[in-house]
Amino acid sequence: MALKNIHISGKLVQFLTTISANIGGIVYGLVVEWPSATMPILSSTDSPLPSGPLTKNEVSWIISIMSLGGLLGTLAFGWMANRFGRKWPFVAGMIPQAISFVLIECAQDTTFLYIARFLSGISGGALFVLGPIYINEIAENSIRGMLGSVLGIFYNVGVIIAYVICAYIPFYSVPYVALGIFAFFSIYLLFPESPQYLLLKQKDAKAEKSLKFFRGNSRGDQVKLEFESLKSSIAAVSTKSDITLQDFKPTTTRKALFVSYIILCGRNMSGVFPLMNYTVDIFEQAQTGIDPNISAIIVAVIQLAGNIVSAYYTDKTGRRILLISSLVGVGLCLTTIGIYFLLNEYSYDLSAVSWLPLVTLSGTVFLGASVQTIPIYVLSELLSAKIRSSVATVFIATTWPIHFLILQYYTPLADLIGVYGCMWIFGGWCFFEAIFAYILLPETKGKSPEEIVLALEGKIK
(Lines give C-alpha, C1' and ligand atoms only; values in the text may rest on other atoms or scores of the structure.)
Protein backbone atom coordinates (compact mmCIF):
# COMPACT_ATOMS: atom_id res chain seq x y z
CA MET A 1 0.00 0.00 0.00
CA ALA A 2 1.21 3.52 -0.77
CA LEU A 3 -0.06 7.06 -0.17
CA LYS A 4 -1.34 7.41 -3.73
CA ASN A 5 -4.25 9.83 -3.61
CA ILE A 6 -3.06 12.46 -1.14
CA HIS A 7 -2.11 15.73 -2.85
CA ILE A 8 0.50 17.49 -0.74
CA SER A 9 3.74 19.25 -1.66
CA GLY A 10 6.59 17.11 -2.90
CA LYS A 11 9.07 18.42 -0.34
CA LEU A 12 6.69 17.60 2.49
CA VAL A 13 6.29 14.07 1.14
CA GLN A 14 10.07 13.71 1.01
CA PHE A 15 10.41 14.95 4.60
CA LEU A 16 7.70 12.58 5.85
CA THR A 17 9.33 9.66 4.05
CA THR A 18 12.73 10.55 5.47
CA ILE A 19 11.37 10.85 9.01
CA SER A 20 9.61 7.47 8.87
CA ALA A 21 12.62 5.75 7.28
CA ASN A 22 14.94 7.14 9.94
CA ILE A 23 12.94 6.04 12.99
CA GLY A 24 15.42 3.18 12.96
CA GLY A 25 18.11 5.82 13.52
CA ILE A 26 16.56 6.80 16.86
CA VAL A 27 16.52 3.18 17.95
CA TYR A 28 20.07 2.63 16.71
CA GLY A 29 21.29 5.64 18.69
CA LEU A 30 19.61 4.19 21.76
CA VAL A 31 21.28 0.84 21.14
CA VAL A 32 24.75 2.26 20.51
CA GLU A 33 24.75 4.34 23.69
CA TRP A 34 22.90 1.75 25.79
CA PRO A 35 26.22 0.35 27.15
CA SER A 36 27.53 3.75 28.30
CA ALA A 37 25.03 4.05 31.14
CA THR A 38 24.08 0.36 31.43
CA MET A 39 27.48 -1.34 31.70
CA PRO A 40 28.42 0.40 35.00
CA ILE A 41 25.11 -0.87 36.41
CA LEU A 42 25.57 -4.42 35.11
CA SER A 43 29.18 -4.46 36.36
CA SER A 44 28.27 -3.41 39.89
CA THR A 45 27.61 -5.73 42.81
CA ASP A 46 23.92 -4.82 42.47
CA SER A 47 23.75 -6.08 38.87
CA PRO A 48 20.15 -6.90 37.88
CA LEU A 49 21.36 -9.86 35.79
CA PRO A 50 20.67 -13.19 37.55
CA SER A 51 24.15 -14.37 36.49
CA GLY A 52 25.82 -11.59 38.51
CA PRO A 53 28.18 -8.67 37.73
CA LEU A 54 29.90 -8.45 34.35
CA THR A 55 33.66 -8.62 33.99
CA LYS A 56 35.71 -6.06 31.99
CA ASN A 57 36.16 -8.61 29.20
CA GLU A 58 32.43 -9.27 29.01
CA VAL A 59 31.72 -5.54 28.86
CA SER A 60 34.18 -5.12 25.97
CA TRP A 61 32.53 -7.93 24.03
CA ILE A 62 29.00 -6.67 24.67
CA ILE A 63 30.03 -3.26 23.33
CA SER A 64 32.06 -4.45 20.35
CA ILE A 65 30.16 -7.53 19.13
CA MET A 66 27.60 -5.19 17.62
CA SER A 67 30.18 -4.27 14.98
CA LEU A 68 30.41 -7.89 13.81
CA GLY A 69 26.64 -7.93 13.39
CA GLY A 70 26.96 -4.67 11.46
CA LEU A 71 29.41 -6.32 9.08
CA LEU A 72 26.99 -9.18 8.39
CA GLY A 73 24.03 -6.81 8.02
CA THR A 74 25.89 -4.57 5.61
CA LEU A 75 26.92 -7.46 3.36
CA ALA A 76 23.56 -9.23 3.45
CA PHE A 77 21.29 -6.24 2.92
CA GLY A 78 23.67 -4.48 0.58
CA TRP A 79 23.51 -7.58 -1.63
CA MET A 80 19.72 -7.52 -1.46
CA ALA A 81 19.55 -3.85 -2.49
CA ASN A 82 20.36 -4.51 -6.15
CA ARG A 83 18.14 -7.58 -6.37
CA PHE A 84 15.07 -6.78 -4.31
CA GLY A 85 15.12 -3.00 -4.11
CA ARG A 86 15.86 -0.45 -1.42
CA LYS A 87 12.52 -0.47 0.39
CA TRP A 88 11.70 -4.07 1.32
CA PRO A 89 15.23 -5.17 2.28
CA PHE A 90 15.29 -2.07 4.50
CA VAL A 91 12.07 -3.21 6.18
CA ALA A 92 13.44 -6.74 6.62
CA GLY A 93 16.66 -5.31 8.03
CA MET A 94 14.84 -3.73 10.96
CA ILE A 95 13.34 -7.03 12.19
CA PRO A 96 16.51 -8.23 14.01
CA GLN A 97 16.42 -5.01 16.04
CA ALA A 98 12.97 -5.81 17.39
CA ILE A 99 14.09 -9.35 18.30
CA SER A 100 17.12 -7.96 20.13
CA PHE A 101 14.96 -5.96 22.54
CA VAL A 102 12.89 -9.04 23.31
CA LEU A 103 16.12 -10.88 24.17
CA ILE A 104 17.28 -8.07 26.48
CA GLU A 105 13.93 -8.17 28.24
CA CYS A 106 14.41 -11.93 28.79
CA ALA A 107 18.15 -11.72 29.57
CA GLN A 108 19.45 -14.10 32.22
CA ASP A 109 23.16 -13.89 31.45
CA THR A 110 25.68 -12.46 28.99
CA THR A 111 24.70 -14.92 26.22
CA PHE A 112 21.37 -13.13 25.82
CA LEU A 113 23.17 -9.79 25.64
CA TYR A 114 25.75 -11.01 23.11
CA ILE A 115 23.03 -12.29 20.76
CA ALA A 116 20.90 -9.17 21.24
CA ARG A 117 23.79 -6.84 20.45
CA PHE A 118 24.80 -8.90 17.42
CA LEU A 119 21.23 -8.68 16.06
CA SER A 120 21.22 -4.91 16.69
CA GLY A 121 24.40 -4.69 14.64
CA ILE A 122 22.72 -6.49 11.74
CA SER A 123 19.95 -3.88 11.72
CA GLY A 124 22.56 -1.14 12.00
CA GLY A 125 24.27 -2.48 8.89
CA ALA A 126 20.97 -2.42 6.99
CA LEU A 127 20.22 1.10 8.24
CA PHE A 128 23.51 2.64 7.12
CA VAL A 129 23.77 0.92 3.75
CA LEU A 130 20.11 1.17 2.64
CA GLY A 131 18.77 4.27 4.39
CA PRO A 132 21.10 6.86 2.82
CA ILE A 133 20.77 5.28 -0.64
CA TYR A 134 16.97 5.34 -0.49
CA ILE A 135 16.84 8.94 0.78
CA ASN A 136 19.39 10.07 -1.80
CA GLU A 137 17.32 8.51 -4.58
CA ILE A 138 14.01 10.14 -3.61
CA ALA A 139 15.36 13.59 -2.70
CA GLU A 140 15.41 16.77 -4.78
CA ASN A 141 18.84 18.29 -5.32
CA SER A 142 17.94 21.41 -3.31
CA ILE A 143 17.17 19.53 -0.06
CA ARG A 144 19.19 16.33 -0.53
CA GLY A 145 21.82 17.30 2.02
CA MET A 146 19.26 18.31 4.63
CA LEU A 147 17.34 15.06 4.23
CA GLY A 148 20.58 13.12 4.42
CA SER A 149 21.30 14.78 7.78
CA VAL A 150 18.09 13.54 9.38
CA LEU A 151 19.68 10.15 10.14
CA GLY A 152 22.34 11.86 12.25
CA ILE A 153 19.75 13.98 14.07
CA PHE A 154 17.56 11.00 14.86
CA TYR A 155 20.58 8.99 15.93
CA ASN A 156 21.37 11.68 18.50
CA VAL A 157 17.81 11.78 19.73
CA GLY A 158 18.25 8.06 20.41
CA VAL A 159 21.54 8.76 22.23
CA ILE A 160 19.84 11.23 24.58
CA ILE A 161 16.99 8.81 25.22
CA ALA A 162 19.54 6.08 26.02
CA TYR A 163 21.43 8.18 28.56
CA VAL A 164 18.21 9.20 30.31
CA ILE A 165 16.30 5.91 30.42
CA CYS A 166 19.30 3.63 30.97
CA ALA A 167 20.56 5.66 33.91
CA TYR A 168 17.23 6.33 35.60
CA ILE A 169 14.76 3.51 34.85
CA PRO A 170 15.12 -0.22 35.62
CA PHE A 171 17.21 -2.35 33.27
CA TYR A 172 14.31 -4.61 32.25
CA SER A 173 12.03 -1.64 31.45
CA VAL A 174 14.29 -0.17 28.76
CA PRO A 175 13.24 -2.63 25.98
CA TYR A 176 9.59 -1.57 26.31
CA VAL A 177 10.51 2.07 25.66
CA ALA A 178 12.64 1.07 22.67
CA LEU A 179 9.94 -1.14 21.14
CA GLY A 180 7.38 1.65 21.61
CA ILE A 181 9.57 4.03 19.59
CA PHE A 182 10.35 1.36 17.01
CA ALA A 183 6.64 0.80 16.27
CA PHE A 184 6.54 4.13 14.39
CA PHE A 185 8.82 2.64 11.71
CA SER A 186 5.73 0.87 10.32
CA ILE A 187 4.70 4.20 8.69
CA TYR A 188 7.55 3.67 6.21
CA LEU A 189 5.58 0.79 4.67
CA LEU A 190 3.23 3.35 3.10
CA PHE A 191 5.87 4.86 0.79
CA PRO A 192 6.91 3.51 -2.64
CA GLU A 193 10.20 2.15 -3.95
CA SER A 194 12.76 4.73 -5.10
CA PRO A 195 12.34 5.91 -8.73
CA GLN A 196 16.03 5.45 -9.52
CA TYR A 197 15.97 1.77 -8.54
CA LEU A 198 12.83 1.21 -10.62
CA LEU A 199 14.55 2.85 -13.61
CA LEU A 200 17.59 0.62 -13.09
CA LYS A 201 15.23 -2.34 -13.31
CA GLN A 202 13.68 -0.83 -16.46
CA LYS A 203 10.27 -0.40 -14.83
CA ASP A 204 9.76 3.02 -16.38
CA ALA A 205 6.04 3.39 -15.69
CA LYS A 206 6.43 2.56 -12.00
CA ALA A 207 9.50 4.80 -11.77
CA GLU A 208 7.63 7.78 -13.22
CA LYS A 209 4.71 7.15 -10.86
CA SER A 210 7.10 7.00 -7.89
CA LEU A 211 8.85 10.22 -8.91
CA LYS A 212 5.51 12.01 -9.34
CA PHE A 213 4.53 10.89 -5.85
CA PHE A 214 7.75 12.24 -4.30
CA ARG A 215 7.60 15.52 -6.23
CA GLY A 216 3.89 16.24 -5.80
CA ASN A 217 1.46 15.41 -8.56
CA SER A 218 0.77 19.09 -9.24
CA ARG A 219 4.25 19.64 -10.75
CA GLY A 220 3.60 17.69 -13.93
CA ASP A 221 5.90 19.50 -16.36
CA GLN A 222 8.81 19.79 -13.93
CA VAL A 223 8.51 16.15 -12.95
CA LYS A 224 8.43 15.16 -16.62
CA LEU A 225 11.68 17.02 -17.25
CA GLU A 226 13.34 15.54 -14.15
CA PHE A 227 12.17 12.05 -15.09
CA GLU A 228 13.61 12.36 -18.60
CA SER A 229 16.89 13.63 -17.17
CA LEU A 230 17.04 10.74 -14.70
CA LYS A 231 16.15 8.28 -17.42
CA SER A 232 18.87 9.54 -19.73
CA SER A 233 21.51 9.46 -16.97
CA ILE A 234 20.61 5.84 -16.17
CA ALA A 235 20.03 4.79 -19.79
CA ALA A 236 23.60 3.59 -20.21
CA VAL A 237 23.31 1.57 -17.03
CA SER A 238 21.50 -1.75 -17.18
CA THR A 239 21.25 -4.16 -14.26
CA LYS A 240 20.77 -6.96 -16.79
CA SER A 241 24.53 -6.78 -17.21
CA ASP A 242 26.56 -7.45 -14.10
CA ILE A 243 29.00 -4.94 -12.69
CA THR A 244 32.36 -5.41 -14.41
CA LEU A 245 35.81 -3.86 -14.25
CA GLN A 246 34.74 -1.57 -17.10
CA ASP A 247 32.37 0.18 -14.71
CA PHE A 248 35.39 1.24 -12.65
CA LYS A 249 37.52 2.29 -15.60
CA PRO A 250 36.62 6.03 -15.72
CA THR A 251 39.11 8.17 -13.82
CA THR A 252 36.25 10.00 -12.11
CA THR A 253 34.86 6.72 -10.78
CA ARG A 254 38.20 5.67 -9.32
CA LYS A 255 38.65 9.10 -7.76
CA ALA A 256 35.14 8.92 -6.29
CA LEU A 257 35.94 5.50 -4.80
CA PHE A 258 39.18 6.68 -3.22
CA VAL A 259 37.82 9.94 -1.81
CA SER A 260 34.58 8.48 -0.46
CA TYR A 261 36.37 5.59 1.26
CA ILE A 262 38.89 7.77 3.09
CA ILE A 263 36.14 10.17 4.18
CA LEU A 264 34.02 7.21 5.31
CA CYS A 265 36.87 5.79 7.41
CA GLY A 266 36.95 9.08 9.28
CA ARG A 267 33.63 8.23 10.95
CA ASN A 268 35.53 5.71 13.09
CA MET A 269 39.05 7.13 13.09
CA SER A 270 37.93 10.56 14.29
CA GLY A 271 37.18 8.93 17.66
CA VAL A 272 33.60 10.20 18.03
CA PHE A 273 32.05 6.70 18.19
CA PRO A 274 34.31 5.28 20.91
CA LEU A 275 34.10 8.51 22.90
CA MET A 276 30.32 8.29 22.92
CA ASN A 277 30.41 4.61 23.99
CA TYR A 278 32.75 5.37 26.90
CA THR A 279 31.44 8.83 27.82
CA VAL A 280 30.47 8.00 31.40
CA ASP A 281 33.77 6.17 31.99
CA ILE A 282 35.79 9.08 30.56
CA PHE A 283 34.08 11.59 32.84
CA GLU A 284 34.72 9.35 35.84
CA GLN A 285 38.43 9.26 34.95
CA ALA A 286 38.51 13.03 34.38
CA GLN A 287 37.36 13.64 37.99
CA THR A 288 35.43 16.77 37.09
CA GLY A 289 33.24 16.67 40.18
CA ILE A 290 30.10 16.54 38.00
CA ASP A 291 27.82 13.47 37.97
CA PRO A 292 29.14 11.42 34.98
CA ASN A 293 25.59 10.52 33.87
CA ILE A 294 24.54 14.19 33.88
CA SER A 295 27.71 15.09 31.96
CA ALA A 296 26.93 12.39 29.39
CA ILE A 297 23.39 13.71 28.90
CA ILE A 298 24.74 17.26 28.44
CA VAL A 299 27.19 16.00 25.81
CA ALA A 300 24.43 14.09 24.01
CA VAL A 301 22.18 17.17 23.89
CA ILE A 302 25.07 19.20 22.48
CA GLN A 303 25.71 16.51 19.87
CA LEU A 304 22.05 16.71 18.85
CA ALA A 305 22.42 20.48 18.50
CA GLY A 306 25.48 19.83 16.34
CA ASN A 307 23.51 17.55 14.05
CA ILE A 308 20.71 20.09 13.67
CA VAL A 309 23.21 22.85 12.85
CA SER A 310 25.00 20.49 10.45
CA ALA A 311 21.72 19.62 8.72
CA TYR A 312 20.87 23.31 8.30
CA TYR A 313 24.25 24.35 6.91
CA THR A 314 24.84 21.30 4.70
CA ASP A 315 22.69 22.80 1.95
CA LYS A 316 23.70 26.37 2.81
CA THR A 317 27.48 26.30 2.90
CA GLY A 318 28.03 22.94 1.21
CA ARG A 319 29.42 19.57 2.33
CA ARG A 320 33.10 20.24 1.70
CA ILE A 321 33.71 23.38 3.76
CA LEU A 322 31.49 22.10 6.59
CA LEU A 323 33.38 18.80 6.79
CA ILE A 324 36.83 20.43 6.67
CA SER A 325 36.07 23.03 9.35
CA SER A 326 34.46 20.38 11.57
CA LEU A 327 37.49 18.09 11.27
CA VAL A 328 39.87 20.87 12.28
CA GLY A 329 37.66 21.75 15.24
CA VAL A 330 37.42 18.13 16.41
CA GLY A 331 41.18 17.74 16.08
CA LEU A 332 41.79 20.79 18.27
CA CYS A 333 39.30 19.61 20.92
CA LEU A 334 40.85 16.14 21.07
CA THR A 335 44.35 17.60 21.33
CA THR A 336 43.22 19.79 24.22
CA ILE A 337 41.46 17.01 26.14
CA GLY A 338 44.56 14.86 25.63
CA ILE A 339 46.71 17.53 27.28
CA TYR A 340 44.24 17.64 30.19
CA PHE A 341 44.48 13.88 30.76
CA LEU A 342 48.28 13.97 30.51
CA LEU A 343 48.52 16.67 33.17
CA ASN A 344 45.94 14.86 35.30
CA GLU A 345 48.03 11.67 35.14
CA TYR A 346 51.03 13.58 36.48
CA SER A 347 48.90 14.87 39.38
CA TYR A 348 48.83 18.54 38.39
CA ASP A 349 46.19 20.58 40.18
CA LEU A 350 43.51 21.06 37.51
CA SER A 351 40.70 22.23 39.77
CA ALA A 352 40.71 25.65 38.08
CA VAL A 353 39.95 24.01 34.71
CA SER A 354 37.83 21.07 35.89
CA TRP A 355 35.23 22.19 33.35
CA LEU A 356 37.62 21.57 30.45
CA PRO A 357 36.78 17.88 29.76
CA LEU A 358 33.07 18.68 29.55
CA VAL A 359 33.67 21.64 27.24
CA THR A 360 36.16 19.91 24.93
CA LEU A 361 34.18 16.66 24.73
CA SER A 362 31.05 18.69 24.03
CA GLY A 363 32.95 20.53 21.30
CA THR A 364 34.11 17.21 19.88
CA VAL A 365 30.62 15.76 19.57
CA PHE A 366 29.07 19.06 18.41
CA LEU A 367 31.53 19.40 15.53
CA GLY A 368 31.78 15.62 15.12
CA ALA A 369 28.14 15.53 14.03
CA SER A 370 29.23 16.67 10.56
CA VAL A 371 32.18 14.24 10.57
CA GLN A 372 29.71 11.39 11.21
CA THR A 373 26.87 12.29 8.86
CA ILE A 374 28.43 13.96 5.81
CA PRO A 375 30.48 10.92 4.64
CA ILE A 376 27.37 8.70 4.43
CA TYR A 377 25.47 10.80 1.94
CA VAL A 378 28.57 12.11 0.13
CA LEU A 379 29.28 8.44 -0.59
CA SER A 380 25.82 8.12 -2.16
CA GLU A 381 26.28 11.34 -4.15
CA LEU A 382 29.75 10.62 -5.56
CA LEU A 383 29.00 7.09 -6.82
CA SER A 384 27.06 6.33 -10.01
CA ALA A 385 23.66 4.62 -9.79
CA LYS A 386 24.85 1.26 -11.10
CA ILE A 387 27.67 0.73 -8.61
CA ARG A 388 26.22 2.78 -5.72
CA SER A 389 24.69 0.03 -3.59
CA SER A 390 27.41 -2.55 -4.30
CA VAL A 391 30.29 -0.20 -3.52
CA ALA A 392 28.52 1.28 -0.50
CA THR A 393 28.03 -2.27 0.78
CA VAL A 394 31.70 -3.16 0.42
CA PHE A 395 32.93 0.15 1.84
CA ILE A 396 30.65 0.17 4.87
CA ALA A 397 31.40 -3.53 5.43
CA THR A 398 35.13 -2.81 5.66
CA THR A 399 34.58 -0.05 8.22
CA TRP A 400 32.73 -2.35 10.64
CA PRO A 401 35.87 -4.35 11.54
CA ILE A 402 37.65 -1.03 12.19
CA HIS A 403 34.74 -0.06 14.42
CA PHE A 404 34.96 -3.41 16.22
CA LEU A 405 38.71 -3.17 16.83
CA ILE A 406 38.49 0.40 18.14
CA LEU A 407 35.69 -0.44 20.57
CA GLN A 408 37.22 -3.76 21.63
CA TYR A 409 40.71 -2.42 22.25
CA TYR A 410 40.08 1.19 23.27
CA THR A 411 40.27 0.32 26.98
CA PRO A 412 43.45 -1.81 26.75
CA LEU A 413 45.09 0.82 24.54
CA ALA A 414 44.09 3.60 26.94
CA ASP A 415 45.62 1.56 29.77
CA LEU A 416 48.80 1.13 27.73
CA ILE A 417 49.40 4.62 26.28
CA GLY A 418 47.00 6.66 28.39
CA VAL A 419 43.70 8.28 27.48
CA TYR A 420 45.71 11.25 26.21
CA GLY A 421 47.53 8.99 23.72
CA CYS A 422 44.22 7.78 22.30
CA MET A 423 42.92 11.34 22.01
CA TRP A 424 46.00 12.43 20.09
CA ILE A 425 45.75 9.50 17.68
CA PHE A 426 42.13 10.41 16.91
CA GLY A 427 43.04 14.09 16.66
CA GLY A 428 45.90 13.32 14.27
CA TRP A 429 43.51 11.52 11.94
CA CYS A 430 41.16 14.54 11.96
CA PHE A 431 43.93 16.88 10.83
CA PHE A 432 44.99 14.42 8.11
CA GLU A 433 41.44 14.03 6.81
CA ALA A 434 40.89 17.78 6.77
CA ILE A 435 43.93 18.23 4.51
CA PHE A 436 42.82 15.28 2.35
CA ALA A 437 39.31 16.70 1.91
CA TYR A 438 40.67 20.16 1.11
CA ILE A 439 42.78 18.74 -1.71
CA LEU A 440 40.54 16.01 -3.19
CA LEU A 441 36.90 16.27 -2.07
CA PRO A 442 34.69 18.06 -4.61
CA GLU A 443 31.59 19.97 -3.55
CA THR A 444 28.36 18.03 -4.25
CA LYS A 445 25.87 20.55 -2.88
CA GLY A 446 22.86 20.92 -5.21
CA LYS A 447 24.63 19.15 -8.08
CA SER A 448 23.05 16.61 -10.41
CA PRO A 449 24.90 13.31 -11.11
CA GLU A 450 26.30 14.81 -14.33
CA GLU A 451 27.59 17.91 -12.54
CA ILE A 452 29.23 15.78 -9.84
CA VAL A 453 31.16 13.92 -12.56
CA LEU A 454 32.34 17.27 -13.95
CA ALA A 455 33.37 18.33 -10.43
CA LEU A 456 35.41 15.15 -10.05
CA GLU A 457 37.08 15.95 -13.38
CA GLY A 458 37.88 19.42 -12.09
CA LYS A 459 35.88 21.09 -14.87
CA ILE A 460 33.60 22.95 -12.44
CA LYS A 461 34.37 24.25 -8.96
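Counting begins at 1 with the first residue of the sequence. Being a predicted model, the structure only gives us computed values, none of them experimental.
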>> Applying side chain to side chain contact (heavy atoms under 4.5 Å, CB included) to Ser47 and Leu54, what does each step give before you reach the verdict?
In response: CA-CA 8 Å; Ser47 174; Leu54 301 180; 5.5 Å; no
> Between Ile23 and Phe154, what is the shortest heavy-atom contact and its length?
Replying inline: N-CD2, 4.1 Å
> With side chains defined as the heavy atoms from C-beta onward, is the minimum distance between Gln196 and Ile138 less than 4.5 Å?
Replying inline: no
> Residues two or more places apart in sequence or in another chain: which of them pass side-chain contact (heavy atoms from CB on, under 4.5 Å) with Ile308?
Replying inline: Ile153, Leu304
> Do Val371 and Arg267 come close enough that some side-chain heavy atom pair is under 4.5 Å?
Replying inline: no
>> Taking Pro132's backbone N and O only, do any of them form a donor-acceptor pair with Asn136's side chain (distance below 3.5 Å, no angle check)?
In response: no
>> side chain to side chain contact (heavy atoms under 4.5 Å, CB included) for Met269 and Phe432? Distances and angles first, verdict last.
In response: CA-CA 11 Å; Met269 295 304 297; Phe432 157 74; over 6 Å; no
> Any side-chain heavy atom of Thr373 sitting closer than 4.5 Å to one from Leu151?
Replying inline: no
> Given side chains that start at C-beta, do those of Leu334 and Cys430 come closer than 4.5 Å, heavy atoms only?
Replying inline: yes
>> Looking at every heavy atom in both Leu382 and Ala256, which two are closest together, and how far apart are they?
In response: O-CB, 3.7 Å
>> Suppose the criterion is side chain to side chain donor-acceptor pair (under 3.5 Å): which pairs have a residue in residues 95-108, not counting sequence neighbours?
In response: Gln97-Ser100, Gln97-Ser120, Ser100-Ser120, Glu105-Tyr176
> Could you state the interatomic distance from OG (Ser270) to CG (Asn268), rounded to the nearest 0.5 Å?
Replying inline: 7.5 Å
> For Phe436, which residues count as a ring-ring contact (aromatic ring centres under 6.0 Å, His included) partner, sequence neighbours excluded?
Replying inline: Phe258
> Which pairs, with at least one residue in residues 121-149 and sequence neighbours excluded, count as a ring-ring contact (aromatic ring centres under 6.0 Å, His included)?
Replying inline: Tyr28-Phe128, Tyr134-Tyr188
>> Tell me whether Arg86 contacts the main-chain N or O of Leu130 through its side chain, where contact means a donor paired with an acceptor under 3.5 Å.
In response: no
>> Are Phe185 and Phe90, when compared by the centres of their aromatic rings, separated by less than 6.0 Å?
In response: yes
> Is the count of non-hydrogen atoms from other residues, nucleotides or ligands lying under 6.0 Å from Phe171 atom CZ greater than 12?
Replying inline: yes
> Under 3.5 Å, side chain of Arg117 to main-chain N/O of Val31, donor-acceptor pair present?
Replying inline: yes
> Taking all atoms of both residues into account, what is the closest heavy-atom pair of Pro442 and Leu440, and its distance?
Replying inline: CD-O, 3.2 Å
> Are the side chain of Ser123 and the backbone of Gly93 linked by a donor-acceptor contact shorter than 3.5 Å?
Replying inline: yes
> Got Ile263 and Leu323 here, is their nearest side-chain heavy-atom distance under 4.5 Å?
Replying inline: yes
> Just how far is it from atom CD1 of Ile62 to atom OG1 of Thr38, taken to the nearest 0.5 Å?
Replying inline: 10.0 Å
> Between OG1 of Thr317 and CG of Leu322, what distance do you get to the nearest 0.5 Å?
Replying inline: 5.0 Å
> Do Val174 and Ile104 have side chains that get closer than 4.5 Å, going by heavy atoms?
Replying inline: no
> For Tyr438, which residues count as a side chain to side chain donor-acceptor pair (under 3.5 Å) partner, sequence neighbours excluded?
Replying inline: none
> Counting only heavy atoms not in Tyr346, do more than 12 fall under 6.0 Å of its OH?
Replying inline: no
> Residues two or more places apart in sequence or in another chain: which of them pass ring-ring contact (aromatic ring centres under 6.0 Å, His included) with Tyr114?
Replying inline: none
> For Ser64 and Phe404, which heavy atoms make the closest approach, and how far apart are they?
Replying inline: O-CD1, 3.1 Å
>> Tell me whether Tyr197 contacts the main-chain N or O of Gly85 through its side chain, where contact means a donor paired with an acceptor under 3.5 Å.
In response: yes
> Would you say the side-chain atoms of Thr253 pair up with the backbone N or O of Lys249, donor to acceptor, closer than 3.5 Å?
Replying inline: no
>> Among residues at least two apart in sequence or on other chains, which ones pass ring-ring contact (aromatic ring centres under 6.0 Å, His included) with Phe101?
In response: none
> Is a side-chain donor or acceptor of Glu137 paired with a backbone partner of Ser194 at a separation under 3.5 angstrom?
Replying inline: no
> Who are the ring-ring contact (aromatic ring centres under 6.0 Å, His included) partners of Tyr261, not counting sequence neighbours?
Replying inline: Phe395
>> Treating Glu58 as the side-chain partner and Thr55 as the backbone partner, does any N or O pair qualify as donor plus acceptor under 3.5 Å?
In response: yes
> With sequence neighbours excluded, what pairs up with Ile41 under the side-chain contact (heavy atoms from CB on, under 4.5 Å) test?
Replying inline: Pro48
>> For Trp429, give me all partners under side chain to side chain donor-acceptor pair (under 3.5 Å), at least two apart in sequence or on another chain.
In response: Glu433
>> Within the 4.5 Å heavy-atom criterion, are Leu342 and Trp424 side-chain neighbours or not?
In response: yes
> Does the Lys11 side chain pair with the main chain of Ala139, one donor and one acceptor, at a distance under 3.5 Å?
Replying inline: no
> Quick one: CG on Leu343 to CG on Leu356, what's the gap to the nearest 0.5 Å?
Replying inline: 9.5 Å
>> Does Phe184, at its CZ atom, have more than 12 non-hydrogen atoms belonging to other residues, nucleotides or ligands within less than 6.0 Å?
In response: no
> Considering residues at least two apart in sequence or located in another chain, which fulfil the side chain to side chain donor-acceptor pair (under 3.5 Å) criterion with Thr74?
Replying inline: Trp400
>> To check you understand the geometry: which heavy-atom pair defines the closest contact between Tyr420 and Gly338, and what is its length?
In response: CB-O, 2.9 Å
> In this structure, are over 12 heavy atoms from other groups packed under 6.0 Å from Tyr348 atom OH?
Replying inline: no
> Would you say the side-chain atoms of Thr399 pair up with the backbone N or O of Ile396, donor to acceptor, closer than 3.5 Å?
Replying inline: yes
> Taking atom CG of Leu405 and atom CG of Leu413, what is their separation to the nearest 0.5 Å?
Replying inline: 11.5 Å
>> Is there a side-chain contact between Ile95 and Ile99 in this structure, where contact means two heavy atoms from C-beta onward sitting under 4.5 Å apart?
In response: yes
> Ile169 and Val177: side chain to side chain contact (heavy atoms under 4.5 Å, CB included), yes or no, with the steps?
Replying inline: CA-CA 10 Å; Ile169 73 171; Val177 177; 4.1 Å; yes
> Mind checking what makes side chain to side chain donor-acceptor pair (under 3.5 Å) contact with Ser310, not counting sequence neighbours?
Replying inline: Ser370
> Measuring from Ile337:CD1 to Leu332:CG, what's the distance to the nearest 0.5 Å?
Replying inline: 13.5 Å
>> Apply side chain to side chain contact (heavy atoms under 4.5 Å, CB included) to residues Leu103 and Leu119 and explain how you reach the verdict.
In response: CA-CA 10 Å; Leu103 286 172; Leu119 290 174; 3.8 Å; yes
> If every non-hydrogen atom of Val59 is compared with every non-hydrogen atom of Met39, which pair is closest and at what distance?
Replying inline: CG1-CG, 3.8 Å
